[in-house]
Amino acid sequence: MKRFQYLLWFAHEHVSFRLHEIEAIASVLKIPIKWIEPPSDKPWYLVELPSEEAVQKLSARSVTMRRAIHLWADEPTVPRLHASLKEKCLNGLLEPYKLKSFKVDVDLFCNSQTQEEKLERIESFSYMPFQGHVDLKNPDVTFQYIEYYGLDPKIVPANPTRTFFGRVVSESGRPLIHELSLKKRTFIGNTSMDPQLSLLMANLGKVSNGDLVLDPFVGSGSLLVAAAKFGGHVIGTDIDFLMLHGRTRPTRKQTRHIARKDESIEANMVQYSCVDKYIDVIVADSALPFWRSDVEFDCILADPPYGIREPTERIGSKESLPIIKKEGSPVHFPSKIEYGLNEIIKDLMWFSSKHLKLHGRLLFWVPVFRQDYNDAQMARHSCFKLIGNCEQVLTTFTARRLLVYEKIKMPQDTDECSSAIPAASTFREKYFTHGDENRLTRKQKKAEAAKNKEIWFAKLNNVNVK
Amino acid sequence: MKLLTHNLLSSKSLKGVKVGYPLRIVAKDVKISECEFNKEFVKKIIPKLDWKVFVNAAVEIGQTSDLSDELIEDYEDDDDYLKKVHHLLMEVEIINGELICPETDRVFPISAGIPNLLLNENEVS
Ligand SMILES: C[S@@+](CC[C@H](N)C(=O)[O-])C[C@H]1O[C@@H](n2cnc3c(N)ncnc32)[C@H](O)[C@@H]1O
């Protein structure tokens, strides 16, 4: 079988999620990957894949990748790259594309990227025997030139340490991140999960067509949207009646949201044309057993309550607790007791040990205080193997980690479970004790994020002009 | 709430309830909406269903179908059959109504299509 070499070119963010994402997608699509170079933190993977179709399918689902490139030249220096390309052109490499309209995209990774510099690079390829015309909007074929200057923006060498040239085979699933933007979403809550991370969860969860996917802490349903986009049939539960009925206080300036009666998770599914994948949401306390005993989900995704922006709670029966009766309210609101993070997680793991299919994946986020973080604190259960543990830094002091587990055996009476993550209340205390410094860093972070976003948008537009 | 969801839910978290399944249904307001047939999904979901409960639930809310109490053996290749199952699972929706615990008669309301299984403090086992 003839195989081809491809360069998978990544966005430089969420690096720790990258390999897990690619491996999970490849496994769902049953695409064998042969590594030409061991995967690293550099913004590319060099792989051999069975066909162009396989590359297209793989990249279409990835939200860490930018695009996939059929590699024509891979050299340590610019002169060598040109020499290699010249020779290959003489041997007819360009032949099939010679008459087509085209464009060349340039990426100078970890270096300034002024338009001038880019044009200069493009002109350096003038020896290539192109006969078609340049079409920046809608070319028949796109080429990608990359100069890599390392990963550290503080030490940028004079010359790139590696250069690539190739034909773009396919774009990634990143446009989905924009499509699902929270800014334009019909219904959001104050803890709605960012679309990219939601999509990453669905990928890492190996959601595939026809799967039954559960989010036991569904909130505004961001994870369900992402799972449905990748073919999952979705169902969610939340303890918050008002949330599921779209009746919580508005979370953003509501000018165009005065009539909020259409706000619901189902409305979001309609907005994103995946309502066919929507099963139901249920108002229920995930701490209690209410599923039929032998129900099996194919994937369980969760962003459990942290107790920072929303209460961690469950229905309680402590005598001392007052019974909350809201006047004029159509439903009874049971009083709730605090539900510790480790308890939530252990309950979630016990639940999943019974209700997740064998080899199915369970994913959830945990907040960590970075100084105290220690692998050994993370949850374990004898039915699960920890596949991934990806950090997303929030502030100097705090982060959250996405834990990815695979169910490796069916439950038995002898199963054990432990979780020793510093409790939510401790976390909350620390989070707020460091508040002052935090506010500062958060401000800076925000500015930085905004800047990154701008750069990123600019890059993306560059990549996706049609 | 769809019949698929009904098939998966129980009231066993109620104090004193042993099985809590199947929940009885009172459908006050039923909506039929079109939903794209996904063969892969229907094939995968059938083995997850309690078949008898599913067929009875459809009858209980007044949906006629010729599906019998026994699941046919070679349903995987029978598109007509799968489509009937799909219709009852995904296209029939109870907008307002009740789910009722078979052992205690505790009522769980369904409003705006969303069932509410929350318990009061003193009902938790
Ligand atoms: C971090 S939020 C989830 C946000 C969600 N991923 C989204 O995108 O909107 C956690 C949710 O868990 C819910 N919750 C808290 N305790 C719960 C419990 N015991 N059972 C079910 N849901 C609970 C809260 O109401 C909240 O909506």
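Just so we're on the same page: letters track the sequence lines, and every chain starts at 1.
Both the backbone and the side chain of B:Met1 come within contact range of chain A, judged by heavy atoms closer than 4.5 Å. Within the 4.5 angstrom heavy-atom criterion, atoms from both the backbone and the side chain of B:Leu8 approach chain A. Only the side chain of B:Glu93 comes within contact range of chain A, judged by heavy atoms closer than 4.5 Å. With a 4.5 angstrom heavy-atom cutoff, B:Lys44 touches chain A only via side-chain atoms. Looking at A:Ile235, the atoms closer than 4.5 Å to chain B (heavy atoms on both sides) all sit in the side chain, from C-beta outward. Only the side chain of B:Ile45 comes within less than 4.5 Å of a heavy atom in chain A; its backbone stays farther off. Interface residue A:Val281: backbone and side-chain heavy atoms are both found under 4.5 Å from chain B.
With a 6.0 Å radius and a threshold of 12 heavy atoms from other residues, nucleotides or ligands, B:Glu36 has its CD atom at or below the threshold. Within a 6.0 Å sphere centred on NZ of A:Lys57, heavy atoms belonging to other residues, nucleotides or ligands number 12 at most.
Per-residue counts of heavy-atom pairs under 4.5 Å with chain B were compared for A:Thr237, A:Asp298, A:Asp294; the largest is that of A:Asp298. In terms of heavy-atom pairs under 4.5 angstrom with chain A, the leader among B:Leu49, B:Asn7, B:Val42 is B:Asn7.
Taking all atoms of both residues into account, the shortest heavy-atom contact from A:Leu244 to B:Ile114 is O-CD1, 3.3 Å. Residues A:His233 and B:Asn38 come closest through the heavy atom pair CE1-ND2, 3.6 Å. Annotation for A:Trp291 and B:Lys12: closest pair O-NZ, 3.0 Å, computed over non-hydrogen atoms. The two residues A:Pro289 and B:Ser13 come nearest to each other via the heavy atoms O-CB, 3.1 Å. Across B:Leu117 and A:Ala284, no two heavy atoms sit closer than the pair CB-CB, 4.0 Å.
For the pair B:Met90/A:Tyr278, no side-chain contact is recorded, criterion being any heavy-atom separation below 4.5 Å from C-beta on. Side-chain contact check for B:Phe41 versus A:Ile279: some heavy-atom pair is nearer than 4.5 Å. No side-chain heavy atom of B:Pro115 sits under 4.5 Å from any side-chain heavy atom of A:Phe290.
Under 4.0 Å is where a charged nitrogen must lie from a carboxylate oxygen, and between A:Arg292 and B:Asp50 no such pair does.
Take A:Lys354 and apply the salt bridge (charged side-chain N to carboxylate O under 4.0 Å, His left out) test, not counting sequence neighbours, and it matches no residue.
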